[in-house]
Amino acid sequence: MSTDRQRLLRLIHVARRELVMDEDTYRGILQRVGNAASAADLDESKLQKVLDHMKACGFKVRPNNRRVSRPLASTPSDKKIRALWLFAHELGIVRDPSERALAAYVKRLAGVDALQWTDGDQVLAIIESLKAWIMRHLPNKTMTLSRAVKTMPLDAREYLNLQALLIDAFGRGTYDPMLDAWQCLQELDQKYKRRKGQ
């Protein structure tokens, strides 16, 4: 393995840790940006693309592996907030995905300077606020993507599963079923783009 490739892999793992990405978020980025399930399957150019994406999400390369001065909050609810924030950025709703921008959002909503200083009610308010913000955009984005995906050669099982998710998402009009439909659409879109590229 080349030195550059080792360095990129190491930086991606540092970025994942510093951005406190859970397994699903991390694998989703590898799939969307690098078209692979594992960083080990990526060549140098794809690794660089993944690292660039993580930098856009707020990761900063520091000389000599210095750690951030303030540790990131890492409870399950803090990770959920961070995942929602990064998802909002992925959808184009949040311009700046950095921890600094998230801290400013938390300050506006909860009046505290850092996510780890929020209490239970404040955490719930932040989560619900982010979900509501995302839901002002996600249904339209889901509908637009569904039109594109339905033109692809889906098999009967894929089509029926997608239809059920879309009916549930738009019938209920709430975050979780809409997210399920969006994720299914993303997976199908990536699958057929990869197949078309082969």
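- E23 contributes atom CD, which lies 4.5 Å from atom CZ of R27 (distance to the nearest 0.5 angstrom).
- Residues M135 and I81 share a hydrophobic cluster, clusters being chains of Ile/Leu/Val/Met/Phe/Trp/Tyr side chains in contact below 4.5 Å.
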Apply side-chain contact (heavy atoms from CB on, under 4.5 Å) to residues L162 and S146 and explain how you reach the verdict. CA-CA 9 Å; L162 176 58; S146 75; 5.5 Å; no
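- K193 is not listed as a side-chain neighbour of N35, based on a closest heavy-atom distance of 4.5 Å or more.
- The closest side-chain heavy-atom distance from R32 to I29 is below 4.5 Å.
- The closest side-chain heavy-atom distance from Q122 to V106 is not below 4.5 Å.
- Listed by first and then second residue, the salt bridge (charged side-chain N to carboxylate O under 4.0 Å, His left out) pairs that reach into residues 119-134 come to none, sequence neighbours excluded.
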May I have the step-by-step check of side-chain contact (heavy atoms from CB on, under 4.5 Å) for L138 and F87, ending in yes or no? CA-CA 10 Å; L138 187 56; F87 181 47; 4.1 Å; yes
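- V33 is connected to L11 through a chain of hydrophobic side-chain contacts under 4.5 Å among Ile, Leu, Val, Met, Phe, Trp and Tyr, so both are in one cluster.
- Taking K55 as the reference, nothing meets the side chain to side chain donor-acceptor pair (under 3.5 Å) condition, with sequence neighbours excluded.
- Between M54 and K60 the shortest side-chain heavy-atom distance does not fall below 4.5 Å.
- A donor-acceptor pair under 3.5 Å is formed between the side chain of K141 and the backbone N or O of L91.
- Here the closest heavy-atom approach between residue S77 and residue V123 is recorded as CB-CG1, 3.5 Å.
- Across all non-hydrogen atoms, the minimal contact from A39 to L47 is O-CD2, 3.7 Å.
- The neighbour count for K191 NZ, taken as heavy atoms of other residues, nucleotides or ligands under 6.0 Å away, is above 12.
- Summarising the geometry of G34 relative to L42, their closest heavy-atom pair is O-CD2, 3.3 Å, with the distance given to 0.1 Å.
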side-chain contact (heavy atoms from CB on, under 4.5 Å) between K80 and I126: does it pass, once the steps are laid out? CA-CA 10 Å; K80 184 175 181 70; I126 293 165; over 6 Å; no
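- Of all heavy-atom pairs between S129 and L109, the closest is OG-CD1, 3.6 Å.
- A donor-acceptor contact under 3.5 angstrom links the side chains of T25 and D22, judged on distance only.
- Side chain of T144 to backbone of N140: a donor-acceptor contact under 3.5 angstrom is found.
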Show the atom names and distances, to 0.1 Å, of all donor-acceptor pairs under 3.5 Å that link a side chain in residues 167-179 to residues at least two apart or in another chain.
{"residue": "D168", "atom": "OD2", "partner": "R172", "partner atom": "NH1", "Å": "3.2"}

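- In this structure the side chain of D96 never reaches within 4.5 angstrom of the side chain of W85, judged on heavy atoms.
- In this structure, K107 and V112 have side chains that are not in contact, with every pair of non-hydrogen atoms separated by 4.5 Å or more.
- The nearest pair of heavy atoms linking C57 to H89 is SG-CD2, 4.5 Å.
- Note on L185: it does not cluster hydrophobically with L165, by side-chain heavy-atom contacts below 4.5 Å among ILVMFWY residues.
- Judged by distance alone, with hydrogens and angles left aside, the side-chain atoms of E158 form a donor-acceptor pair with the main-chain N or O of D155 at under 3.5 Å.
- Looking only at atom types and distance, the side chain of D52 has a donor-acceptor partner in the side chain of Q48 under 3.5 Å away.
- Side chains of Q186 and L145 form a contact here, defined as non-hydrogen atoms less than 4.5 Å apart.
- The two residues G58 and L19 have their closest heavy-atom pair at C-CD2, 4.0 Å.
- The residues E44 and K49 are annotated as not salt-bridged, no charged nitrogen and carboxylate oxygen being separated by less than 4.0 angstrom.
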Pair V94-Y105, side-chain contact (heavy atoms from CB on, under 4.5 Å): steps then yes or no: CA-CA 11 Å; V94 167; Y105 183 78; over 6 Å; no
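- Side chains of V149 and Y192 form no contact here, defined as non-hydrogen atoms less than 4.5 Å apart.
- Of the charged side-chain nitrogens involved, none lies within less than 4.0 Å of a carboxylate oxygen, so that D78 and R82 do not count as a salt-bridged pair.
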